[in-house]
Amino acid sequence: MLQSFKYLFSCNLVLSRSLSGYVSRMRYLMRLKEDDEACREALKSGKVLLYHKLSPLLRKTSSGYKLASLKTSDLEQILEKVGKDKHIVNESFLLGCTDKDEPQFSLDVGDLDRSALEQECRGMFVDLRKAFFMIPGPESPLAAKGQALLRWHQTNCFCSATGQPTVRNQSGSFRVCHSSGITYYPKMAPVVIVLVSDGSRCLLARQAMFPPGMYSALSGFCDMGESVEEALHREVAEEVGLEVENLQYSGSQHWPFPQSSFMLACHATVNPDKTQVNIDKAELEDARWFTYEEITEALQNLPRDPRREPPVFWVPPSYAIANQLLQEWANHQQLSRKLHGLK
Ligand SMILES: NC(=O)C1=CN([C@@H]2O[C@H](COP(=O)(O)OP(=O)(O)OC[C@H]3O[C@@H](n4cnc5c(N)ncnc54)[C@H](OP(=O)(O)O)[C@@H]3O)[C@@H](O)[C@H]2O)C=CC1
Ligand SMILES: [Mg+2]
């Protein structure tokens, strides 16, 4: 009894410690967003993710590649070595905070000589899509956020009402036009993504612009005023001419390409007697039903090696929420096959 009480007590202690750690970190970040001076101070002891024309800096380690996270003081020295004023570090944007309470920032140095920087930083700038195949999975959201914030600032330098320049706050959590008084906040466009199943197969599609052989779940931007459910029904009807039912929320994800999207992912079903697809050829090059065996094989395909021919059929990498939908569908199929005594 005492043992279990002790165990419960220690669990609660761990829980309350970790909760208060999280809460204080969030409060700290909130303050940095609002207080320019505090943010400038935090930058001095923080870490900066460096980008060159929106490509993040990666460093090779003994086990592969990692996002390079440079101490501000080291970055200042590097900038001076490549002949740049170290104060451009102050143009960094606040991204978040590590679990060791180190504030993290991103900075694009696209106007500096790329190879000189790569040499000084002992790393290389890699296109973000390629970087997703190289860096550890947990680093992907940070790399995406860093790029998205930089892109948003680069493309929102002027007020759409007055044409006057907008001015950022120190953290980069907004830009303001002093002429109109309008405040602009970084934006994401809501997108629905849905894996449609007929019970034993799932429906995937490809756009002409996708890399050869890649198929993904159906997706589309939400129209103004639409709910997620309405957008989902409409996109499936428009793109493949089917009516879906039994929508089930799966999860969400920020997606940086081509501009920031906020992906809302769901599963849905169609009546197994009504599976004939009618493709909107203006949107999609192809859409077809895939079996459980095809999906499990595609999910096991290793990340693409750009030097080799791509497989005939492959699916988005594990970081993409489309991949999560496919994993969930395959797990569900496996379970129901077991229940029905199938392999
Ligand atoms: N993370 C993931 O797993 C996946 C992410 N995605 C992402 O979802 C997003 C949407 O998917 P997609 O199927 O292409 O969308 P849609 O089916 O809505 O088709 C895109 C079309 O909509 C137009 N459009 C309408 N509203 C917008 C808007 N706010 N921003 C940009 N274009 C708009 C575009 O026109 P035009 O281009 O002519 O300007 C384009 O022709 C893409 O950014 C894609 O990268 C998609 C699949 C998987
Ligand atoms: Mg679409």
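When a ligand or atom number is given, it counts from 1 through the structure's own listing order.
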Within-cutoff protein neighbour (heavy atom, under 4.0 Å) for [atom]:
atom                    : value
atom 26 (N) of ligand 1 : yes
atom 34 (C) of ligand 1 : no
atom 23 (C) of ligand 1 : no
atom 40 (C) of ligand 1 : no

What do you reckon, does [X] have a nitrogen or oxygen under 3.5 Å from a nitrogen or oxygen of ligand 1?
X    : result
S216 : no
A322 : yes
F257 : yes

statement: among protein heavy atoms, the one nearest atom 7 (C) of ligand 1 is W255 CD1, 3.6 Å
message: Checking a contact table here: which protein heavy atom is nearest atom 6 (N) of ligand 1, and how many Å away?
response: M263 CE, 3.6 Å
message: Looking at non-hydrogen atoms alone, which of Q259, E283, Q253, Q324 comes nearest to atom 21 (C) of ligand 1?
response: E283
- prompt: Out of F262, F210, F221, whose heavy atom sits nearest atom 30 (N) of ligand 1?
  reply: F221
- prompt: Is the F257 to F132 ring centre distance short of 6.0 Å?
  reply: yes
field: Ring centers of H153, F93 separated by less than 6.0 Å
entry: yes
query: Near E235, which atoms of ligand 1 are under 4.0 Å from a heavy atom of that residue?
result: 17 (O), 18 (O)
Close-contact set for ligand 1 against S261 heavy atoms, below 4.0 Å: 43 (O)
- prompt: Judged by modelled atom types alone, do S197 and W329 share a side-chain donor-acceptor pair under 3.5 Å?
  reply: yes
task: Kindly say whether F125 contributes a backbone atom to a donor-acceptor pair with the side chain of R114 at under 3.5 angstrom?
output: yes
- request: May I ask whether Q207 places a heavy atom under 4.0 Å from ligand 1?
  value: yes
message: Strictly under 2.8 Å, is the Mg ion (ligand 2) approached by any N, O or S atom of Q207?
response: no
query: Has E239 got an N/O/S atom less than 2.8 Å from the Mg ion (ligand 2)?
result: yes
- prompt: Taking the inter-plane angle between the rings of F290 and Y215 on a 0 to 90° scale, is it parallel (under 30°), tilted (30 to 60°) or perpendicular (over 60°)?
  reply: perpendicular
